[in-house]
Amino acid sequence: MTESHQGQITDEGIDKLRKRIGQGFQGRRPWRTEVTRDAIYHLAYAIGDLSPLYIDEEYAQKTRWGTLIAPPIIVQTMDVLRAVGHSGLPEGLPGVHSIWTGSYYEWERPPRLGDQIRSESYLKDLVERESKFGGGRSIYQTYEAKYYDQNGDYLGVRNDTWMRAERKKTRETKKYGTIELAQWTPADIERFQEDYRHQQRTAERFWDDVEVGDPLNRIIKGPLTPTAEIAFESYFGVYLVGNVVASRLLDKHPALMLPNEQGVPEPPQRVHWDNHFTQNLLGLPGAYDLGPERCSWLIQGVTDWVGDNGRITKIDARYLKFNYMGDVTWVEGKVVDKFEKDGAGMVRCEVQCINHREEVTAVATAEAELPKR
């Protein structure tokens, strides 16, 4: 790896980024602009959420929505914060690694079949913090996207926060280097299969019947595999590029691309499925998932519980630990508040991801609307 790929966090780089606050991204094209049947179907399979509201049109037509709706996180594919063929985000500080640390979403309503969605995207905030993982200095960059439908109506917003850390320093600190990647036996796999077979989704739930302290439906995700990661990332169109698209990306952002074992420059996205690459680049035990994947799981923890006629309205998620190849995750939560807002029945829930090491790897506070009797 050359020095051009050993990026540093500098005062000059930070100053340049601060001048970008509030600025958008001219010339970028979103990966997706319309909520089609295929887009909904492919997302449901990419995140492993097979709700009939997403994949069974006849079923969905009998609900309050009257049509297919999409997993709420679909809006992430409809802004230009991670536009294909560009450096992606977070921007600035070439060669400095980025790791998702948090996501916040609000939805005025579920994205529906036929919606044509546009966004306004920009850098929202920049904060410098100390970091043991990053060898002392790290930067947190938060970006915002606001979404509108084909009628110009406001659909919602998302904020995503990334931590920036110098790769050389993460290799030197090896904060998580003692963790061993999971190894599973056929008996273990059968145990996980049983969890999948008995996973339940609520079809009908009323606000009147809910009590504070009620548990959400528990769901399983994993064991995490390279195949699962590529399935997720290919839907979101992040850095999965080749040929002339990769060539142009290299011309525009040479410090972004890292030579592979055959000397060919590639985006750093292999940290999400290649253990050896990740160990050498960052000093981590192995490859790890993207934060938004766990956000989609936390969302499912809520949507599986609220029923066909309920809906999630917001979620504030934080990613606390890495989710490595082979890790198994269970999503669970509970109701912590019950209230009314403009006449609607609302609940607030605490949701978390827990791995097989009994570590909490992500937490979220979510709100949802439920129908009244």
Side-chain angles (χ1 to χ4, degrees), residues 47 49 70-79 81-82 89-90 98-111 119-127 129 138 140-147 154-163 210 212-219 221 236 289-306 310-323 329-342 344-355 359-370:
I47 63 177
D49 184 352
I73 205 168
I74 195 172
V75 293
Q76 184 179 318
T77 71
M78 295 177 167
D79 58 51
L81 295 181
R82 302 283 283 192
L89 292 179
S98 60
I99 297 170
W100 242 298
T101 61
S103 299
Y104 175 81
Y105 288 83
E106 291 181 3
W107 298 273
E108 293 295 306
R109 63 167 175 81
S119 72
E120 298 172 356
S121 307
Y122 43 86
L123 174 62
K124 183 177 182 179
D125 196 15
L126 183 70
V127 178
R129 297 178 187 169
S138 66
Y140 286 74
Q141 291 168 241
T142 298
Y143 291 83
E144 183 165 89
K146 294 180 178 178
Y147 303 99
Y154 177 68
L155 278 183
V157 66
R158 83 166 167 123
N159 284 191
D160 274 336
T161 300
W162 285 269
M163 180 187 76
V210 173
V212 171
D214 285 352
L216 305 187
N217 300 349
R218 192 170 190 253
I219 59 177
K221 297 290 182 177
F236 285 85
D289 73 347
L290 276 82
E293 185 168 15
R294 266 175 288 165
C295 191
S296 74
W297 300 348
L298 291 162
I299 290 169
Q300 185 183 348
V302 178
T303 56
D304 269 10
W305 178 82
V306 298
R311 69 181 185 95
I312 189 170
T313 60
K314 70 171 63 173
I315 191 166
D316 189 359
R318 291 185 295 123
Y319 316 122
L320 306 179
K321 292 181 179 291
F322 290 101
N323 181 30
T329 297
W330 288 268
V331 181
E332 56 186 43
K334 64 179 180 181
V335 177
V336 296
D337 194 13
K338 177 182 176 181
F339 58 99
E340 293 184 79
K341 182 178 179 181
D342 299 328
M346 305 292 296
V347 294
R348 185 174 294 113
C349 305
E350 298 293 341
V351 197
Q352 58 185 4
C353 292
I354 304 173
N355 68 16
E359 299 170 325
V360 176
T361 66
V363 296
T365 300
E367 291 184 9
E369 176 193 349
L370 277 73

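- Using a 4.5 Å cut-off on side-chain heavy atoms (C-beta onward), Cys349 and Val336 make no contact.
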Q) Would Glu350 and Thr365 count as a side chain to side chain donor-acceptor pair (under 3.5 Å) if you check the C-alpha gap in whole Å, the side-chain angles of each, and the deciding distance to 0.1 Å? A) CA-CA 5 Å; Glu350 298 293 341; Thr365 300; 3.1 Å; yes
Q: Step by step, work out the side chain to side chain contact (heavy atoms under 4.5 Å, CB included) result for Val347 and Asp337.
A: CA-CA 6 Å; Val347 294; Asp337 194 13; over 6 Å; no
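- Put simply, the side chain of Ser103 reaches to within 4.5 Å of the side chain of Tyr319, judged on heavy atoms.
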Q.
Quick one, Phe322 with Thr361, criterion side chain to side chain contact (heavy atoms under 4.5 Å, CB included). Give me CA distance, side-chain angles, the key distance, then yes/no.
A. CA-CA 7 Å; Phe322 290 101; Thr361 66; over 6 Å; no
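- Ser138 contributes a side-chain N or O that, together with a main-chain N or O of Arg129, makes up a donor-acceptor pair within less than 3.5 Å.
- For the pair Val210/Leu370, a side-chain contact is recorded, criterion being any heavy-atom separation below 4.5 Å from C-beta on.
- Side-chain atoms of Lys221 and Gln300 include a donor-acceptor pair closer than 3.5 Å.
- Taking 4.0 Å as the cut-off between side-chain N and carboxylate O, Asp214 and Lys334 do not count as a salt-bridged pair.
- When side chains are defined from C-beta on, Phe236 does not count as touching Pro292, because their heavy atoms never get closer than 4.5 Å.
- Side-chain polar atoms of Glu106 and Tyr104 form a donor-acceptor pair below 3.5 angstrom.
- Summarising the geometry of Tyr147 relative to Ser119, their closest heavy-atom pair is CD2-CB, 3.8 Å, with the distance given to 0.1 Å.
- A heavy-atom distance below 4.5 Å is found between the side chains of Pro111 and Val75.
- Of the N and O atoms on the side chains of Tyr143 and Thr161, not one donor lies less than 3.5 Å from an acceptor on the other residue.
- Nearest heavy-atom pair across Trp297 and Ile47 is NE1-O, 3.8 Å.
- Side-chain contact check for Tyr154 and Glu108: no donor-acceptor pair (N or O, by modelled atom type) lies under 3.5 Å.
- Put simply, CZ on Arg311 and CD on Glu369 are 5.0 Å apart, with the number rounded to the nearest 0.5 Å.
- Arg109 CZ: more than 12 foreign heavy atoms inside a 6.0 Å radius.
- Atom CE of Met346 and atom NZ of Lys341 lie 6.0 Å apart (nearest 0.5 Å).
- Each of Thr313, Val157, Ile73, Ile299 was scored for a side chain to side chain contact (heavy atoms under 4.5 Å, CB included) with Trp107, with one residue passing: Ile299.
- Here the OG atom belonging to Ser98 is positioned 9.5 Å from the CE atom belonging to Met163, to the nearest 0.5 angstrom.
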Q. What's the verdict on side chain to side chain contact (heavy atoms under 4.5 Å, CB included) for Val331 and Val351, showing C-alpha distance, side-chain angles and the deciding distance?
A. CA-CA 7 Å; Val331 181; Val351 197; 3.8 Å; yes
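- Surrounding NZ of Lys338 are more than 12 heavy atoms belonging to other residues, nucleotides or ligands, all under 6.0 Å away.
- Checking Ile219, Ile354, Leu216, Asn217 one by one against Glu332, the side chain to side chain contact (heavy atoms under 4.5 Å, CB included) holds for a single residue, Ile354.
- Looking at Trp100 and Asp289, their side chains never come closer than 4.5 Å, going by heavy atoms from C-beta outward.
- Expressed to the nearest 0.5 Å, how far CD1 of Ile99 lies from OH of Tyr140 amounts to 9.0 Å.
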Q: For Cys353 and Val360, run side chain to side chain contact (heavy atoms under 4.5 Å, CB included): C-alpha distance rounded to whole Å, both residues' side-chain angles, the deciding distance at 0.1 Å, then the answer.
A: CA-CA 6 Å; Cys353 292; Val360 176; over 6 Å; no
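- Of the charged side-chain nitrogens involved, at least one lies within less than 4.0 Å of a carboxylate oxygen, so that Glu367 and Arg348 count as a salt-bridged pair.
- The closest side-chain heavy-atom distance from Ser296 to Asp49 is not below 4.5 Å.
- In terms of heavy-atom proximity, Gly310 sits nearest to Val306 at C-CG2, 3.8 Å.
- Rounding to the nearest 0.5 Å places CG of Leu298 at 9.5 Å from CD of Gln352.
- By the 4.5 Å heavy-atom criterion applied to side chains, Cys295 and Tyr105 are counted as neighbours.
- Going from atom CD1 of Ile74 over to atom OG1 of Thr77 covers 5.0 Å, rounded to the nearest 0.5 Å.
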